[in-house]
Trainee: 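Would you mind keeping the following structure in view while I ask a few things?
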Amino acid sequence: MTRFAPSPSGHLHVGGARTALFCWAFAKGHAGTFVLRIEDTDQKRSSDAASIGFVKDLLWLGIGFDEGPEYQGQGGGANGPYFQAQRLDIYQRYFEMLLASGDAYYAFESADELTALRAEAKGKNQPFRYTGESARARAPAEVQRRLDGGEAAVIRFHTRAGAITIHDEILGDATLPEGEVDDFVIRKADGFPTYHFAVVVDDELMGVTHVLRAQEHFNNSAKHIVLQDALKFRRPIYGHLPLIFNPDGSKMSKRDKDKVLRKAVAEKGLTSPPVGTVDPLVFSAWLKDKNTQLDLEAAQSLALAIGAVLPEINVDDFRKSGYLPEVICNFLSLNGWSPGGDLEKFDTEFLKKHFDLSRVVKTAAKFDRTKLLAFNLDAIQAMSRDDFIARVSSHGREMHPEFMSKLTDAQFRSLCDASHERSKTLDELFRANTFIITADDALTWDEKAISKHLRGGEPTGAVHLAAARAILAGCSDWSVASLESALKPFAQSLGNVGKIAQPLRVAVSGESVSPPIYDTLAILGKASSLRRIDRCLASL
RNA sequence: GGCCCCAUCGUCUAGCCUGGUCCAGGACACCUCCCUUUCAAGGAGGACACAUGGGUUCGAAUCCCAUUGGGGUCACCA
């Protein structure tokens with residue numbers, strides 16, 4: 001049995017997704033159970049209604065769970081509740097056990113006092129270690145009196161002397177010398193357990209046998225081990241997964257979006273937000289303090305307004321950008337694991353069958369979006385025509401409803417056919433072809449494209465365009481094939497086919513880049529194409 | 001800074017455990033050429049790595065040690 005145990009969040013980021021995927025694959029490959037547990041023991045961060053929004057990302061990826069919160073037919077189970085905040089009475093029983101055995105004690109230092117001690121240690125370049133001698137020596141009666149008096153107190157675990165060895169299926173064994181683990185807090189002043197305590201109790205009670213988590217948790221394992229021993233719990237088998245970084249080696253985080261925005265804002269010299277994007281007060285506070293983050297919606301509207309492209313961080317970002325869930329899973333698997341040999345492309349069925357801890361790599365990976373994009377392209381090209389149309393259209397209905405509503409079914413299908421082999425994402429076709437849904441009378445032309453392809457050349461592109469217009473006007477059948485046969489002889493008479501294709505392209509699309517020209521004309525239709533050409537000619 | 005972990009092309013990685021078949025394989029990116037109506041896509045080639053220094057050994061990418069570099073961690077966050 002494995003578990004994925006994130007803190008509540010509306011979004012799943014790629015690192016979390018990889019952890020979930022590996023936990024899922026490992027459990028499924030061993031006829032085991034995959035549990036989702038929500039670690040919501042931090043009251044400050046756990047109030048949102050959207051607290052488990054990330055579950056929809058999990059399901060989109062195809063990662064279902066056997067036990068956990070009930071959500072769209074997933075979850076349930078006999079070991080609940082699966083929200084830690086609902087398990088307080090359970091933890092309380094174990095606190096009392098440790099208190100009674102002398103393995104835990106009350107401590108009364110305030111957060112400020114501890115911060116000061118920490119700062120002092122830091123100043124001397126020493127690690128901070130809580131030594132609980134005076135607290136442990138306190139007479140039970142005094143402790144009781146202070147508790148009765150309503151004084152704020154935490155419960156700390158009394159870590160016994162001795163080195164602690166962590167067995168890890170991925171990293172091997174590591175031994176922390178005595179004194180590395182201090183008397184850490186297991187119950188906060190608000191009565192909630194800390195992460196360490198809740199994890200240990202829940203993993204035992206839920207029957208978790210294998211704990212796969214990110215490497216940043218490695219040292220925490222020592223704390224978990226001493227707790228398990230004191231509570232007479234079984235020790236799960238650990239596997240700490242290598243971290244995933246940005247290409248520049250920095251940690252991947254939602255802050256990266258703010259970073260990109262700050263840079264774009266600075267480049268544009270903006271001192272106030274574009275109207276209708278971000279509240280001016282929020283904006284100036286955000287500009288002033290580089291540690292603050294805009295919320296997702298604000299960030300997106302600001303990005304749209306200033307033409308910045310936010311980096312994809314969350315699984316949902318990738319979905320919106322038109323990546324395929326199966327490709328995300330495939331690619332994520334390759335960050336930290338490989339099946340060996342030269343095999344790179346595989347699905348989650350394969351992963352389930354072949355995933356094993358011994359082939360997990362020890363080194364951190366840098367997340368390479370370019371390779372992801374290449375994988376996405378490969379997967380799209382491998383789709384059947386009908387599949388592609390279905391998936392693009394479903395993406396379009398959600399992300400680009402206006403675009404979809406302005407195209408007839410036939411137009412959309414032609415556009416798909418013209419775009420299939422060149423689409424790296426499901427979104428590209430929409431972003432690259434807005435000229436199609438622009439009204440004929442509203443189309444504007446890119447100045448550079450006009451001067452190069454219409455005004456330039458000898459004779460000018462405009463002359464060829466006018467000639468082509470005459471030929472097109474005589475076409476009764478507006479299909480790709482007949483357009484081609486109508487235009488080709490003329491084009492060839494000019495020597496270079498580009499002489500006619502480029503002026504036409506610019507005239508009907510406004511830009512020098514579009515799908516193949518015959519497809520472009522066919523999609524627009526005769527009336528629209530001629531109207532655009534006429535307006536273009538008139539505008540010169 | 002203490003402690004822990006890690007180290008193969010720019011990137012993800014195979015090979016390492018069970019030294020020789022590795023003057024190190026694949027993929028993405030890159031470069032060149034071809035195709036071509038734009039952008040892509042596609043085709044054919046190419047360049048590119050065992051961090052350094054010591055051992056062990058007939059022989060080391062593979063085993064050992066040191067150095068260097070990178071990362072993690074040191075919360076009443078998870």
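Chain A is the first sequence line, chain B the second, and so forth, proteins listed ahead of strands; every chain is numbered from 1.
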Trainee: Does any donor-acceptor pair link the side chain of K362(A) with the base of C6(B) at a separation under 3.5 Å?
Mentor: no
Trainee: As a test of understanding, state which of F318(A), F346(A), F367(A), Y323(A) forms a ring pair (Phe, Tyr, Trp, His ring centres under 6.0 Å) with F331(A).
Mentor: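 Answer to the ring pair (Phe, Tyr, Trp, His ring centres under 6.0 Å) test with F331(A) among F318(A), F346(A), F367(A), Y323(A): F367(A).
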Trainee: Side chain of E421(A), heavy atoms from C-beta onward: which of C76(B), C4(B), A40(B) has the nearest atom to it?
Mentor: A40(B)
Trainee: Given C3(B), C12(B), A78(B), identify the nucleotide with an atom nearest to the side chain of K188(A).
Mentor: A78(B)
Trainee: When only distance counts, do a donor and an acceptor, one from the side chain of Q215(A) and one from the base of G72(B), lie under 3.5 Å apart?
Mentor: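 Counting by modelled atom types and ignoring angles, no donor-acceptor contact under 3.5 Å is found here.
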Trainee: Who is the Watson-Crick or G-U wobble partner of U18(B), with both distances under 3.5 Å?
Mentor: none
Trainee: Cation-pi check for F108(A) against R146(A): NZ or CZ below 6.0 Å from the six-membered ring centre and within 45 degrees of the axis, yes or no?
Mentor: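 So R146(A) does make the cation-pi contact.
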Trainee: Looking at the side chain of H217(A), which of A78(B), A29(B), C3(B) is the nearest nucleotide?
Mentor: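 So the side chain of H217(A) is nearest to A78(B).
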Trainee: Given G72(B), C5(B), C76(B), which nucleotide is nearest the side-chain atoms of K251(A)?
Mentor: G72(B)
Trainee: Under 4.0 Å between a side-chain N or O of R156(A) and OP1 or OP2 of A75(B)?
Mentor: no
Trainee: When you measure from the centre of the six-membered ring of F375(A), is the NZ or CZ of K345(A) closer than 6.0 Å and no more than 45° off the axis?
Mentor: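 Relative to the ring axis of F375(A), which defines the angle, K345(A) lies inside both limits.
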Trainee: Classify the ring geometry between F4(A) and F54(A) as parallel (under 30°), tilted (30 to 60°) or perpendicular (over 60°).
Mentor: perpendicular
